[in-house]
Amino acid sequence: MFRKKRADGDRQEAQNRVPVTAGMGGSAVATIELDQVSKWYGDIVAVSDVSFGIGPGVTGLLGPNGAGKSTALKMMAGLQAPSSGSVRIDGHSPRGNPPTYRNLGLVSEHEVIYPFLSGRDFVRLNAKLQGLRPLDEAVDRAIALVDMQSAAERKIGGYSKGMRQRIKVAGALVHDPDVILMDEPLNGTDPVQRAQLIRLIRELGASGKTVVVSSHVLVEVERFAENILVIVNGKLAAAGDFRAIREKIDAHDHEVRIRSSDPRRLASALIGETAVHAVRIDAQERIIASTGDVLAFYRLVPKAAQRLQIRLFEVQPTDDSLSSVFSYLVEK
Amino acid sequence: MSLTITTLTIRQFLRSRSIYVVLGISLLASVLAIIVQATPGEMSIRDLRAIFANDLYQDLIAATLLPLATLVLSTAAFGDEIEDRSLQYLTLKPIGRFRIVFEKLLAVIVVMVPIVWLGIAVTWAIVAFGNVDALRDLLWPALASSLVAIVGFGSLFMLLSMVMQRALLAGIFYVFVWETALSRFLPGIRAISIRHYTQSLFARLVDDRRIDVPQLSAQSTVIVTTVAICVICVILATWRLRSMSLE
């Protein structure tokens, strides 16, 4: 009798829950649900009346810096309470509900980790606080996932930024959670570390876990997320399949900034390419190129530089460009 | 229960600057004891007992140094992690908030006790130099009564660091205005002063009429009140940790 009642209750609860906005498809029930969530600090509105559901797979939380992505992630993790609305993980509020963390891992954007601990000690600490037994197997597995075996015995204080990011990921995954939240996990990583982390994120999504990764870099998100949620000025600007949103974004030009050893020669080479709409050199001798096809442009630049034997120091979208790209989505 | 958080916090303390400040404060009375001993002139046993018991322990260590040293360490227990945003490595775990608070307080006590006892023992040894037997009965009451200050102030200041950003300043204000100035002139406040309980327990344990504390509290009152302060502060700190927004 009790079981039946409980089953009926669960069904009713599932019916009341938010459908998936990003993840397995519209009919599935979401693992992470935000229902009319707002968050404000005094007069500043960080997140405004946002509702969505996220199912298994990798979902990119995309938006310019200061858009409200980190605040949304912190509310999903229960670190902050929404000013209004509700956040649920597997049907339960994570706020003031420690058992939720048996199934949730957060990789925060903050760099500070206990510098006096070795990487292994840090992962072990996470495993111990999760109550895992035996510890060693889980710790070794998590360290191997981020390919940190060779540096695991070193103190975190001596780690590079990329290594700190990876050991934080290991700490968040040591208990093999089904829900994983990552706040700008690729920040500070070199290209090899970045490729490894992207592969790991994709594998986690493919294995059926619900992975939410925030980023402000469009091309980066495209490499690991099938679905995206775009947050601009605290509001949900777009949600769903990446390609559909991408088409909308690609209808507008993007500005990319390039620092190189010979900007004028590189600019001359780029100007004739079809993906490049305009090229100028700013006061700091940096190329500012306008393109309608970012992916083709990112493939084109290193090839041109290699052909002309020019060294590249930086290739990245300008902040202005990012903001305007996201604003296209709000304009509708 | 494995004391993972206590162990972690002790390691944090041992490599922080706070530990040197606490050590320095604790040894300050020893410096004064050296000056007293170096002052020319013969001192009677009675004078030496009064110097250690009344001047150095009651008026300096219990009244000022103990609260200040405890303030520095207990506000760092949570304050540093809130400031550098590493507290989430503890709060994002399936463990009760009470356990986090309890283990943090335990770490404060475990680190404070040997440092404070070292300061008291060194001070006593300097004053008692050459007259150890005559001052022997003063040492253990000083060590025992210092526990009241460590537990009482430790839990109070740890709570303070969780409810306000400038806990160190507020704590200094509390020590000098409430515990020192107001409790001296307003008898009612003395009854709810941790310093008064520390001094009362010391006076009771020494059992020497020359060691005087106005409105002396009973041993049982001291112990029950200190435990009550600690329990209330831990409960409030647990509630605060549950409702706190973390960056």
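Please read these numbers as outputs of a predicted model, since none were measured by experiment. Scope of the values below: all heavy atoms of this structure, side chains included, with no hydrogens, waters or symmetry mates. A, B, ... follow the sequence lines: proteins, then strands. Residue 1 opens every chain.
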Problem - Choice from B:D84, B:L241, B:L87 maximising heavy atom contacts with chain A below 4.5 Å - result: B:D84
Practice task
Check whether B:L8 gets within reach of chain A through its side chain, its backbone, both or neither, counting any heavy atom under 4.5 Å.
Solution key: both
Handout entry: Greatest number of heavy atom pairs closer than 4.5 Å to chain B - which of A:H175, A:K128, A:H110, A:Q80
Key = A:H110
Handout entry: Structural part of B:Q12 lying under 4.5 Å from a heavy atom of chain A
Key = both
Problem - Parallel, tilted or perpendicular, as decided by the 30° and 60° cut-offs, for the rings of B:W178 and B:Y174 - result: parallel
Exercise for the section: Would you verify whether the NZ or CZ of A:K155 falls within 45 degrees of the ring axis of A:F116 while also being under 6.0 Å from that six-membered ring's centre? Expected result: no
Exercise for the section: Indicate the ring-plane relationship of B:Y57 and B:F52, choosing parallel, tilted or perpendicular according to the 30° and 60° boundaries. Expected result: parallel
Exercise for the section: Could you tell me whether the side chain of A:R164 and the main chain of A:Y159 form a donor-acceptor pair under 3.5 Å? Expected result: yes
Handout entry: Euclidean distance, B:S146 OG relative to B:L65 CG, rounded to 0.5 Å
Key = 12.0 Å
Practice task
Taking atom types as modelled, find out whether B:T123 and B:S30 have a side-chain donor-acceptor pair closer than 3.5 angstrom.
Solution key: yes
Practice task
Name the region of A:D121, side chain, backbone, both or neither, that has any atom closer than 4.5 Å to a heavy atom of chain B.
Solution key: side chain
Handout entry: Region of A:P115 in contact with chain B, defined by heavy-atom distances below 4.5 Å
Key = side chain
Handout entry: Structural part of B:R242 lying under 4.5 Å from a heavy atom of chain A
Key = backbone
